[in-house]
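This is a predicted model, so every value here is computed, not measured. Atoms within each ligand, like the ligands themselves, are counted from 1 in listed order.
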Amino acid sequence: MQNNRVSYKELGLQNSRDMFSKAVNGGYAVPAYNFNNLEQLQAIVQACVETSSPVILQVSKGARNYANQTLLRHLARGAVEYAAELGNPVPIVLHLDHGDSFELCKDCIDTGFSSVMIDGSHLSYEENVKLTRQVVEYAHMHDVTVEGELGVLAGVEDEVASETHTYTQPEEVEDFVTKTGVDSLAIAIGTSHGAYKFKPGEDPKIRLDILAEIEQRIPGFPIVLHGSSSVPQELVRTINEHGGKLKDAIGIGEDQLREAAKSAVCKINIDSDGRLAMTAAVRKVLDEKPEEFDPRKYLGPARDALKELYMHKNIHVLGSNNKA
Ligand code: G3H
Ligand code: 13P
Ligand code: ZN
């Protein structure tokens with residue numbers, strides 16, 4: 001197995017270390033966009049090249065199973081070459097999103113990922129520290145960076161008490177980062193995964209006060225925000241106007257994310273907004289042109305919509321434009 005190891009360095013990828021220190025000092029956040037297919041990757045690379053933004057290509061366990069890890073690795077290598085071909089070789093990280101075991105993280109490190117997340121947020125504090133430490137030790141031997149998580153996001157990540165958030169306790173963060181050696185820390189401050197982050201009538205606010213307290217305890221340490229889609233209402237409307245059924249989908253206001261990006265938040269995870277943009281574009285084409293059956297005729301517009309979305313995020317939400 002050792003002989004078959006593929007280092008991310010051979011693929012032209014980077015780990016997240018420099019990217020994060022620049023982002024923390026520069027008052028912006030690096031986009032972490034999930035992908036599992038060609039059109040998403042094309043849109044991400046085109047958008048980041050045109051806005052000159054560093055980027056984290058994020059792959060979940062489910063995405064890895066869906067797309068095949070070997071194909072994904074070659075796509076990531078392709079992304080590096082494609083960016084150069086487009087004339088702007090922006091820095092690219094290939095990151096495992098929500099790794100749930102040491103074995104999965106190890107497998108990703110051994111097959112070309114430059115960064116992994118070990119999500120021990122459902123475990124007891126001690127178990128989370130132990131598992132995260134184990135992943136850090138292996139990852140750092142290979143110069144791969146590690147993201148840990150403290151606190152539990154409501155929604156799909158919190159199967160036990162899906163109604164409530166378990167916010168990160170600021171008094172735990174220093175101990176956690178010291179004991180584990182992680183390179184960045186995902187925190188729970190009221191964001192959540194998916195398209196239904198708040199109920200109608202709820203005040204859609206995240207706890208920037210907890211973020212500020214965490215920042216005081218670990219100044220300059222790279223913080224990560226998951227569940228940071230804004231669920232643009234025009235996309236929800238387009239989906240519903242063309243046969244979709246998304247009721248009361250509500251996301252995080254872009255102004256709050258912009259505020260967070262100016263602080264020690266240096267990585268912002270966005271997946272659901274991309275899903276909405278693709279779905280809206282595909283539904284529109286298939287509804288308005290029922291005679292189309294060439295996938296390029298609906299995936300092409302979906303790719304264009306995604307690219308526009310990512311350019312908007314980079315420039316107006318993360319502030320990562322011109323930071324490559
Ligand atoms: O955090 C979850 C990401 O949006 C990935 O979702 O597990 O359905 O690929 P997935
Ligand atoms: P969203 O569902 O808000 O896009 O969050 C994505 C995410 O956190 C991936 O890890
Ligand atoms: Zn997440």
Side-chain angles (χ1 to χ4, degrees), residues 16 29-37 40-41 43-44 55-69 71-72 75 93-101 104-105 108 113 115-122 146-159 162 165-166 168 184-198 204-206 222-233 235-236 239 246 248-254 256-257 260-261 265-280 306 309-310 312-314 317-318:
S16 61
V30 178
Y33 297 132
N34 290 69
F35 85 105
N36 53 58
N37 72 30
Q40 291 167 331
L41 187 68
I44 295 169
V55 67
I56 297 171
L57 300 173
Q58 217 163 234
V59 175
S60 68
K61 181 180 176 181
R64 194 165 174 262
N65 292 339
Y66 174 82
N68 178 277
Q69 55 157 337
L71 286 175
L72 282 174
L75 280 175
V93 164
L94 179 62
H95 174 78
L96 170 67
D97 190 24
H98 294 285
D100 60 358
S101 67
L104 175 60
C105 291
C108 287
F113 281 65
S115 172
V116 293
M117 173 188 193
I118 178 66
D119 182 354
S121 61
H122 291 94
V146 180
E147 174 184 324
E149 178 163 342
L150 259 187
V152 184
L153 274 68
V156 293
E157 201 190 348
D158 183 2
E159 284 155 14
S162 59
H165 304 276
T166 307
T168 306
S184 60
L185 181 69
I187 59 168
I189 55 166
T191 63
S192 59
H193 293 111
Y196 304 90
K197 301 186 192 296
F198 300 98
K205 285 271 185 326
I206 56 171
I223 301 294
V224 178
L225 280 193
H226 282 248
S228 298
S229 279
S230 295
V231 188
Q233 292 302 300
L235 295 178
V236 175
I239 289 172
L246 299 183
D248 299 332
I250 302 172
I252 313 285
E254 292 188 340
Q256 294 181 74
L257 294 167
V265 168
C266 63
K267 171 175 181 270
I268 291 191
N269 288 10
I270 296 169
D271 187 2
S272 296
D273 282 355
R275 296 178 183 197
L276 291 169
M278 268 197 114
T279 302
L306 268 180
L309 173 88
Y310 294 140
H312 169 81
K313 298 280 181 195
N314 291 354
V317 184
L318 296 110

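The ligand atoms of ligand 1 that sit less than 4.0 angstrom from a heavy atom of His193 are 1 (O), 2 (C). Distances below 4.0 Å separate heavy atoms of Asp271 from the following atoms of ligand 1: 3 (C), 4 (O), 5 (C), 6 (O). Short contacts between ligand 1 and Asp97, defined as distances under 4.0 Å to a heavy atom of the residue, involve ligand atoms 1 (O), 3 (C). Heavy-atom contacts of Asn34 reach the following atoms of ligand 1: 3 (C), 5 (C) (cutoff under 4.0 Å). The ligand atoms of ligand 1 that sit less than 4.0 angstrom from a heavy atom of His98 are 1 (O). Near His226, meaning under 4.0 Å from one of its heavy atoms, ligand 2 places the atoms 8 (O), 10 (O).
In terms of protein heavy-atom proximity, atom 8 (O) of ligand 2 is nearest to Gly227 N, 2.8 Å. In this structure, the protein non-hydrogen atom closest to atom 2 (O) of ligand 2 is Ser272 OG, 2.7 Å. Nearest to atom 7 (C) of ligand 2 among the protein's heavy atoms is His193 CD2, 3.4 Å. Scanning the protein heavy atoms around atom 9 (C) of ligand 2, the nearest turns out to be Asp97 OD2, 3.1 Å.
Every N/O-N/O distance between Asn34 and ligand 2 stays at or above 3.5 Å. For ligand 2, the polar-atom distance check finds no N/O of Ile270 at less than 3.5 Å from any of the ligand's N/O atoms.
Assignment of Gly62 to the shell around ligand 1 is not supported, since no heavy atom sits closer than 4.0 Å. At least one heavy atom of Arg275 sits closer than 4.0 Å to an atom of ligand 1.
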Verify side chain to side chain contact (heavy atoms under 4.5 Å, CB included) between Leu246 and Leu276, making sure each step is shown before the conclusion.
CA-CA 10 Å; Leu246 299 183; Leu276 291 169; 3.5 Å; yes

Is there a side chain to side chain contact (heavy atoms under 4.5 Å, CB included) between Leu57 and Ile44 once you walk through the steps?
CA-CA 8 Å; Leu57 300 173; Ile44 295 169; 3.7 Å; yes

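The nearest non-hydrogen atom to atom 3 (O) of ligand 2, considering only Lys197, Lys267, Gln58, His98, comes from Lys197.
Counting heavy atoms under 4.0 Å from ligand 2, residue Ala32 does not touch it at all.
In summary, of the residues considered (Asp271, Thr191, Asn269), a side chain to side chain donor-acceptor pair (under 3.5 Å) with His226 occurs for Asn269 alone.
Considering all non-hydrogen atoms of both residues, Ser101 and Ile118 come closest at N-CD1, 3.8 Å. Taking each heavy atom of Leu75 and Phe35 in turn, the nearest pair found is CD1-CE1, 4.1 Å. Considering all non-hydrogen atoms of both residues, Pro204 and Gln256 come closest at O-NE2, 2.8 Å.
With sequence neighbours left out, Lys61 forms a side chain to side chain donor-acceptor pair (under 3.5 Å) with Asp100.
Relative ring orientation between Tyr33 and Tyr310 is described as tilted, the plane-to-plane angle lying within the 30° to 60° band.
When the Zn ion (ligand 3) is compared with the N/O/S atoms of His226, atom ND1 turns out nearest.
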